[in-house]
Chemist: 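Have a look at the structure that comes next, please.
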Amino acid sequence: MANRPKVLVCRPDFPEGGIKLLRDRCDVEIYNSENEIPDEVLLKKMVGKDALFVSGRKRITKEVIESAAKNGVKVICSMSIGLDHIDLEALKRTSIKLGHTPQVFESTAEHTVALLLATSRRVVEGHQLILRGEWKMWTPTFMCGRGLYKSIVGFVGFGRIGQSVAKKLITFGISKILYSGPRRKLEGDQLGAEYIDLDNLLRQSDFVIVACPLTPETEGMFTAEKFSLMKRSAIFINTTRGAIVDHEALVHALKNKIIAAAGLDVMDPEPLPIDHPLIGLDNCVLTPHIGSATYGTRDVMCIITAKNIIAALHGEKMPAEYIL
Ligand SMILES: O=C(O)[C@H](O)CO
């Protein structure tokens with residue numbers, strides 16, 4: 001059909017449902033490689049396209065954005081919650097719309113709880129100990145960890161993911177929820193959470209959960225000084241973005257028992273090189289950025305991304321436009 005909008009989908013492996021929706025309303029070209037599309041290919045393929053469908057791993061640079069604007073691209077939609085891979089300042093200077101998938105946060109919240117339990121109850125350490133044949137006998141303190149029950153949990157950032165984790169943890173019988181961030185929130189009051197400055201949150205919390213986006217303000221915010229404020233028994237969890245944390249400082253804090261343990265789904269860099277000092281630490285549980293990796297969530301993320309594109313190209317309200 002003539003005049004159907006043209007969309008470049010930048011990976012071949014996005015879930016089918018969303019791609020089918022797109023095909024019903026648009027002409028779709030799919031870049032067919034398991035690696036993220038290189039910029040020089042993207043610059044060529046975007047010519048004549050109205051929309052770009054990208055993953056949360058494809059860096060969208062100023063050069064790509066300027067070229068997209070020149071080529072008449074009307075909307076860029078990322079199948080991700082986070083938008084730190086996109087040069088938002090450059091995008092702001094264009095009329096290109098931006099879409100993402102903030103409605104989908106429950107899987108990341110679940111995974112945050114999984115990391116909390118895995119680190120506090122030493123699940124991976126215990127598993128590895130058995131594999132090494134080192135399970136010899138019971139002693140009163142054998143493999144003791146720390147429970148969530150009656151603990152103080154501090155959230156650095158308290159958006160949808162943090163609030164969802166907090167709701168889940170209330171059922172574990174935690175004693176107090178603290179949160180820091182740019183402002184006190186009504187949802188925090190409703191959950192009985194206390195709004196507090198970051199340093200005091202770090203001093204008081206048994207568990208510190210990074211639940212804020214990566215922005216120029218949060219980049220590198222977890223320095224050696226911040227780790228030194230935390231309790232020696234504290235457990236640090238990050239499921240948002242690795243670059244919020246100074247990883248050298250984190251390794252130092254874990255090796256020197258300045259904090260007890262860390263559970264990380266996000267790191268800097270990703271993928272983490274096999275010789276990275278975080279690998280092999282008994283008190284650090286690592287997962288490969290799989291917070292949102294359930295089949296159901298990824299299907300929904302793809303459908304929202306397709307709907308964002310279709311709406312933007314048909315002059316309708318996007319389900320999740322990021323207003324710059
Ligand atoms: O932002 C997200 O949705 C996840 O981290 C995947 O990029």
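Residues take their numbers from the sequence shown, with the count starting at 1. Both counts, for ligands and for their atoms, begin at 1 and track the order of listing.
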Chemist: Give the other cluster members for Met301, using side-chain heavy-atom distances under 4.5 Å between Ile, Leu, Val, Met, Phe, Trp and Tyr residues; answer none if it is isolated.
Modeler: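 Members other than Met301 - counting any ILVMFWY side chain reachable under 4.5 Å - are Val7, Val9, Phe14, Ile19, Leu21, Leu22, Val28, Ile30, Phe53, Val75, Met79, Val104, Val300, Ile303, Ile304, Ile309, Ile310, Leu313, Met318.
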
Chemist: What I'd like to find out is whether the side chain of Leu198 reaches to under 4.5 Å of the side chain of Lys226, using heavy atoms alone.
Modeler: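 When only atoms from C-beta onward are counted, Lys226 and Leu198 do touch, with a gap below 4.5 Å.
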
Chemist: So, do Tyr179 and Phe158 have ring centers that fall under 6.0 Å from each other?
Modeler: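 Yes, close enough.
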
Chemist: Any side-chain to backbone donor/acceptor pair from Thr218 onto Pro213? Under 3.5 Å, distance only.
Modeler: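 Yes; at least one donor-acceptor contact below 3.5 Å.
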
Chemist: Quick one: ligand 1 N/O to protein N/O pairs below 3.5 Å?
Modeler:
{"unit_1": "ligand 1", "atom_1": "1 (O)", "unit_2": "Ile81", "atom_2": "N", "d": "3.1"}
{"unit_1": "ligand 1", "atom_1": "1 (O)", "unit_2": "Gly82", "atom_2": "N", "d": "2.8"}
{"unit_1": "ligand 1", "atom_1": "1 (O)", "unit_2": "Arg241", "atom_2": "NH2", "d": "2.8"}
{"unit_1": "ligand 1", "atom_1": "3 (O)", "unit_2": "Ile81", "atom_2": "N", "d": "2.6"}
{"unit_1": "ligand 1", "atom_1": "5 (O)", "unit_2": "Arg241", "atom_2": "NH1", "d": "2.8"}
{"unit_1": "ligand 1", "atom_1": "5 (O)", "unit_2": "Arg241", "atom_2": "NH2", "d": "3.4"}
{"unit_1": "ligand 1", "atom_1": "5 (O)", "unit_2": "His289", "atom_2": "NE2", "d": "2.7"}
{"unit_1": "ligand 1", "atom_1": "7 (O)", "unit_2": "Arg57", "atom_2": "NH1", "d": "2.8"}

Chemist: In this structure, is the centre-to-centre distance between the rings of Phe236 and Phe227 below 6.0 Å?
Modeler: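 Between Phe227 and Phe236, the centre distance is under 6.0 Å.
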
Chemist: Is there side-chain contact between Lys6 and Cys26, with at least one heavy-atom pair below 4.5 Å?
Modeler: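 Heavy-atom side-chain distance check fails, nothing below 4.5 Å.
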
